[in-house]
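Here is the structure we will look at, set down as structure tokens.
The chain is numbered in sequence order, starting from 1. Quick caveat: nothing in here was measured; it's all calculated off a predicted structure.
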Amino acid sequence: MLIFDADDTLWENNVVFERVIDEFLEWMTPPGHDRSGVRAVLDGIEAANAVTLGYGSKVFLHSLGECVARLRGRAATAEESARISGWAAAFDGGTVELMPGVAETLAELARRHDLLLLTKGDTEEQQRKVAASGLAGHFRDVHIVAEKNTATYEELIRAYDLVPASAWMIGNSPKSDILPARSAGLNAVFIPHEHTWVLEHSELDPADKKVLRLSAFGELLRHF
């Protein structure tokens, strides 16, 4: 069984958020000041909101509004709120940009193995991206969860009666894809992405022989 992450593993995702953040920082950083201070405030707000509100563009836009209020020392004005709402259009597209090699690699892997898709975030938003990707037919099932932690992977093992030693989690996030999967006893494939969300960063054990590190999605065909 091969279990795949979606965002920034199968298709581009965080780069869209980073483009909006870049515009937000340009707007909110006073002239002559370092943007890193504003970014640190936003990162802290996003980290807190991820715990209580979850993930996705709606939570992200809420975090931007909260960041404006924190930095301004008052609630966002109607004009400021409208500017933030305008960024919602960046996430409303009916298409996704697949990572290089994904379509043909999944088609070949699906002929050899059972595949699952495991993604976290807003259910409607993630369903829309899965549909737009055209990849759903390669997967035995698609799972959209609120969080990816050890319990999530343990539940997947029970639901499919998996033998952890012969199952692999494949993704770009050390925090959500690799570490909790390994904690549950699964093998893992780490395919780093240069735009992985900062809150998904974490250190991996370089001595862990159950983590296969690849530089591109298409390299999976050499191993599976």
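Counting heavy atoms of neighbouring residues, nucleotides and ligands inside a 6.0 Å radius, atom CD of Glu23 exceeds 12 of them.
Using modelled atom types, one finds a donor on one side chain and an acceptor on the other under 3.5 Å when comparing Asn172 with Thr196.
Phe139 CZ to Leu2 CG: the interatomic distance, rounded to the nearest 0.5 Å, is 9.5 Å. Remark: Asn49 CG to Leu42 CG distance equals 9.5 Å, nearest 0.5 Å. Atom OG of residue Ser183 and atom CD of residue Glu154 lie 6.5 Å apart, to the nearest 0.5 angstrom. The line from CD1 of Ile170 to CG of Leu115 is 8.0 Å long, rounded to the nearest 0.5 Å. Distance NE2/His33 to CZ/Arg35: 14.5 Å, rounded to 0.5 Å. In this structure, Arg158 CZ and Asp161 CG are separated by 11.5 Å, a value rounded to the nearest 0.5 Å.
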Trace of the side chain to side chain contact (heavy atoms under 4.5 Å, CB included) decision for Tyr153 with Asp177: CA-CA 9 Å; Tyr153 292 97; Asp177 301 326; 4.0 Å; yes
From CA spacing to verdict: side chain to side chain contact (heavy atoms under 4.5 Å, CB included), Leu199, Tyr55: CA-CA 11 Å; Leu199 298 184; Tyr55 304 91; over 6 Å; no
Candidate pair Phe17 and Val20, rule side chain to side chain contact (heavy atoms under 4.5 Å, CB included), full reasoning: CA-CA 5 Å; Phe17 288 83; Val20 173; 5.8 Å; no
Candidate pair His62 and Lys58, rule side chain to side chain contact (heavy atoms under 4.5 Å, CB included), full reasoning: CA-CA 6 Å; His62 175 85; Lys58 294 176 184 176; over 6 Å; no
Working for salt bridge (charged side-chain N to carboxylate O under 4.0 Å, His left out), residues Lys148 and Asp5: CA-CA 10 Å; Lys148 286 165 145 182; Asp5 169 52; 2.9 Å; yes
Intermediate values then yes/no, salt bridge (charged side-chain N to carboxylate O under 4.0 Å, His left out), Arg39 and Glu18: CA-CA 11 Å; Arg39 181 63 191 257; Glu18 288 296 334; 3.0 Å; yes
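Using a 4.5 Å heavy-atom cutoff, the side chains of Leu25 and Asp22 are not in contact. In this structure, Leu156 and Leu186 have side chains that are not in contact, with every pair of non-hydrogen atoms separated by 4.5 Å or more. Proximity of Phe190 to Asp208: side-chain heavy atoms (C-beta onward) are nowhere separated by under 4.5 Å. Ser57 places none of its side-chain heavy atoms less than 4.5 Å from the side chain of Asp122. For the pair Thr9/Met99, no side-chain contact is recorded, criterion being any heavy-atom separation below 4.5 Å from C-beta on. Looking at Leu98 and Ser133, their side chains come closer than 4.5 Å, going by heavy atoms from C-beta outward. Counting only heavy atoms from C-beta outward, the side chains of Val68 and Phe24 approach each other to under 4.5 Å.
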Pairs of donor and acceptor atoms involving the side chains of residues 209-224, under 3.5 Å and at least two apart or interchain, shall be tabulated with distances.
unit_1: Ser215; atom_1: OG; unit_2: Glu219; atom_2: OE2; d: 2.5
unit_1: Glu219; atom_1: OE1; unit_2: Ser215; atom_2: N; d: 3.3

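Taking all atoms of both residues into account, the shortest heavy-atom contact from His138 to Ala103 is NE2-O, 4.2 Å. Nearest heavy-atom pair across Ser176 and Glu147 is OG-OE2, 4.4 Å. Nearest heavy atoms, Ser202 versus Leu179: OG-CD1, 3.3 Å. The two residues Ala76 and Ala69 make their nearest non-hydrogen contact at N-CB, 4.5 Å. Between Glu125 and Gly56, the closest heavy-atom pair is OE1-CA, 3.4 Å. Residues Pro180 and Lys175 approach most closely at CD-O, 3.0 Å, considering heavy atoms.
Two different hydrophobic clusters hold Ile21 and Val59 under the rule that ILVMFWY side chains link at heavy-atom gaps under 4.5 Å. Criterion: ILVMFWY side-chain heavy atoms under 4.5 Å apart, direct or through other members. Under it, Leu71 and Ile84 are part of a common hydrophobic cluster. The cluster map of Ile, Leu, Val, Met, Phe, Trp and Tyr, joined by side-chain heavy atoms under 4.5 Å apart, puts Leu117 and Leu135 in the same cluster. Note on Val142: it does not cluster hydrophobically with Met169, by side-chain heavy-atom contacts below 4.5 Å among ILVMFWY residues. The cluster map of Ile, Leu, Val, Met, Phe, Trp and Tyr, joined by side-chain heavy atoms under 4.5 Å apart, puts Leu10 and Trp168 in the same cluster.
For Lys120 and Asp7, the salt-bridge test fails: no basic side-chain N is under 4.0 Å from an acidic carboxylate O. Glu80 has no carboxylate O lying under 4.0 Å from a charged side-chain N of Arg83, or vice versa, which leaves the two without a salt bridge.
Ring geometry for Tyr160 versus His143: interplanar angle over 60°, hence perpendicular rather than tilted (30 to 60°).
When each of His193, His195, Lys129 is paired with Asn13, the side-chain hydrogen bond (donor to acceptor under 3.5 Å, both in side chains) condition holds for Lys129 and for no other.
Considering only residues two or more places apart in sequence or on other chains, Asn187 meets the side chain to side chain donor-acceptor pair (under 3.5 Å) condition with none of them.
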